[in-house]
Amino acid sequence: MKILVIGGGGREHALVWKIAQSNKVAKIYCAPGNAGIARLAECVPIAANDIDALLEFAAREGIDLTVVGPEEPLVNGIVDRFIDAGLKIFGPSKAAAEIEGSKRFCKELMQKYDIPSGHFATFDSIDDAVEHIYKKGAPIVVKANGLAAGKGVVVARTIEEAERAVYRIMRKREFGAAGDELIIEEYLEGEEASFLVFTDGDIVMPMVTSQDHKPIFDDDEGPNTGGMGAYSPAPVITDGLFRRIMNDIMIPIVKAMATEGRKYRGVLYAGLMIREGMPRVLEFNARFGDPETQPLLMRLKSDLVPILDACVTGHLAKTMISWDDRPSVCVVMASEGYPGPYEKGRVIKGLDAAAKVDDVTVFHAGTAAGKEPGTVVTSGGRVLGVTAIDDTIPLAIDRCYKAAHRISWPGAQYRSDIGKKALKRLSSRTI
Ligand code: AMP
Ligand code: GLY
């Protein structure tokens with residue numbers, strides 16, 4: 001098979017890495033890819049949201065299966081365009097991807113089908129939104145309705161902060177058209193976890209659990225990022241909770257989407273808040289998570305390609321998926337200044353030394369080939385996802401940091417506490 005992976009982050013490097021292990025695959029292309037992906041796939045310089053050019057490329061090269069990483073092309077209808085052209089593609093249709101593309105659609109759907117989530121109200125007027133905030137008080141959560149690359153969410157501790165968020169989103173238009181409408185949500189307390197499933201629209205096959213680390217600094221301080229690290233499994237999700245999430249959330253939402261005439265095929269990712277053993281949904285994403293995909297795919301024992309194919313063709317019921325019992329941990333290394341403005345082009349040292357640590361893979365995100373032959377430079381906010389697998393979470397954490405410490409560039413920053421929450425939970429359980 002010839003496979004095209006769309007995207008160029010750590011998630012896509014992990015997808016390409018796993019797909020490259022399949023004996024069904026003869027050639028992998030990635031658009032646009034990065035310096036790490038270029039070692040496993042032929043990178044083609046087409047942007048992930050240039051649907052016309054991607055379609056033309058896939059038709060010309062006779063691609064057997066296209067796998068979409070990021071949300072933007074999904075929300076813009078890449079899957080519908082490929083299907084119309086007779087090409088096989090993994091991911092939800094435009095109508096189904098609205099579950100991520102419109103927070104309002106998602107919240108109304110959950111309300112209609114009794115899927116546990118927080119209260120919310122939607123607004124298209126600044127005055128009404130502000131009045132609502134004064135009525136409800138803080139903490140409260142203000143979100144731009146549309147896609148804002150994970151940045152259109154403000155968890156406001158005070159009424160003033162919430163009011164400022166309304167002005168930033170609706171008056172200053174910091175997130176463009178994503179801010180035409182606002183969602184104001186109840187603040188949910190608890191511990192977050194990520195729950196991803198494969199689905200062909202009928203059958204729902206869960207992946208193992210995982211947990212992201214959104215804030216930039218240790219102890220969850222500082223602004224939110226795309227994700228600074230992840231581990232799998234997430235001990236906060238006990239076996240009982242796992243069943244509850246499947247029965248009360250994942251199976252009902254996939255059924256709801258079919259009932260609404262928006263049959264959902266692909267990976268569906270629920271961002272959950274867990275409190276006192278009860279899960280509530282913060283959001284759904286229409287794709288694999290980044291960085292969760294890096295530890296998840298390191299634990300996937302089965303060939304990924306038949307699973308992706310079964311989601312597309314509706315044969316997931318006949319597909320076995322097996323996972324490595326051992327935990328995996330990913331530490332994201334980022335550019336100085338991220339998630340704010342940052343410089344690119346800094347030479348990365350120590351990649352070969354890090355790769356020598358057993359059971360570690362250094363997934364590239366924002367990297368590019370440097371001017372000097374053989375060098376790799378930074379070219380994004382999140383630069384690398386150092387990912388390790390080992391017998392226990394503490395061992396996987398140590399292995400991961402051992403490799404990360406071997407890598408450097410001027411201003412490199414990474415959290416030193418990835419996995420700490422899992423350790424806390426594990427030690428409290430044994431007491
Ligand atoms: P979202 O993109 O909607 O998942 O929001 C990004 C992050 O904001 C989440 O991962 C949470 O950390 C936080 N967040 C979003 N909604 C809420 C909420 N209703 N209550 C508490 N935290 C939230
Ligand atoms: N890890 C967060 C996301 O993929 O949206």
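We count residues from 1, following the sequence as given. Any value given below was found using the heavy atoms of this structure, including those in side chains, with hydrogens, waters and symmetry copies removed. Counting starts at 1 for both ligands and their atoms, following the listed order.
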**Request:** Please state whether the rings of H132 and F123 are parallel, tilted or perpendicular, taking 30° and 60° as the class boundaries.
**Result:** tilted
**Fill in**
The atoms of ligand 1 lying under 4.0 Å from a heavy atom of E186, numbered in the order shown, are 18 (C), 19 (N), 20 (N)
**Message:** I need the atoms of ligand 1 closer than 4.0 Å to a non-hydrogen atom of Y187, numbered in the order shown.
**Reply:** 20 (N), 21 (C)
**Request:** Answer whether the closest heavy-atom distance between the side chains of I407 and L351 falls below 4.5 Å.
**Result:** yes
**Request:** Taking atom types as modelled, find out whether S22 and D303 have a side-chain donor-acceptor pair closer than 3.5 angstrom.
**Result:** yes
**I183 and R104, any side-chain heavy atoms less than 4.5 Å apart** = yes
**Message:** Under a 4.0 angstrom heavy-atom cut-off, which atoms of ligand 1 come close to N224?
**Reply:** 7 (C), 8 (O)
**Asked** Do we see a donor-acceptor contact under 3.5 Å between the side chains of Y113 and E260?
**Response** yes
**Prompt:** Within the structure, does E185 bring an N/O atom to less than 3.5 angstrom of an N/O atom in ligand 1?
**Reply:** yes
**Request:** Quick one: list whatever passes ring-ring contact (aromatic ring centres under 6.0 Å, His included) with F195, sequence neighbours left out.
**Result:** F242
**Request:** Look at the rings of H405 and Y414 and say which category their plane angle falls in: under 30° parallel, 30 to 60° tilted, over 60° perpendicular.
**Result:** tilted
**Request:** Report, in ascending order of atom number, the atoms of ligand 1 lying under 4.0 Å from any heavy atom of K103.
**Result:** 2 (O), 3 (O)
**Complete:** Sorted by chain and residue number, the residues having a heavy atom closer than 4.0 Å to an atom of ligand 2 are D212, K214, G226, Y269, N285, R287, G289, D290, P291, E292
**Message:** Going by the rule side chain to side chain contact (heavy atoms under 4.5 Å, CB included), which residues pair with R81 if we only count those two or more places apart in sequence or in a different chain?
**Reply:** I51, D52, L55
**Asked** How would you list, by chain and number, every residue that makes a side-chain hydrogen bond (donor to acceptor under 3.5 Å, both in side chains) with Q413, sequence neighbours excluded?
**Response** none
**Request:** Check whether any N or O atom of L188, backbone or side chain, sits under 3.5 Å from an N or O atom of ligand 1, and answer yes or no.
**Result:** yes
**Message:** Measuring from atom 3 (O) of ligand 1, which candidate in M273, E189, E192, K143 has the nearest non-hydrogen atom?
**Reply:** K143
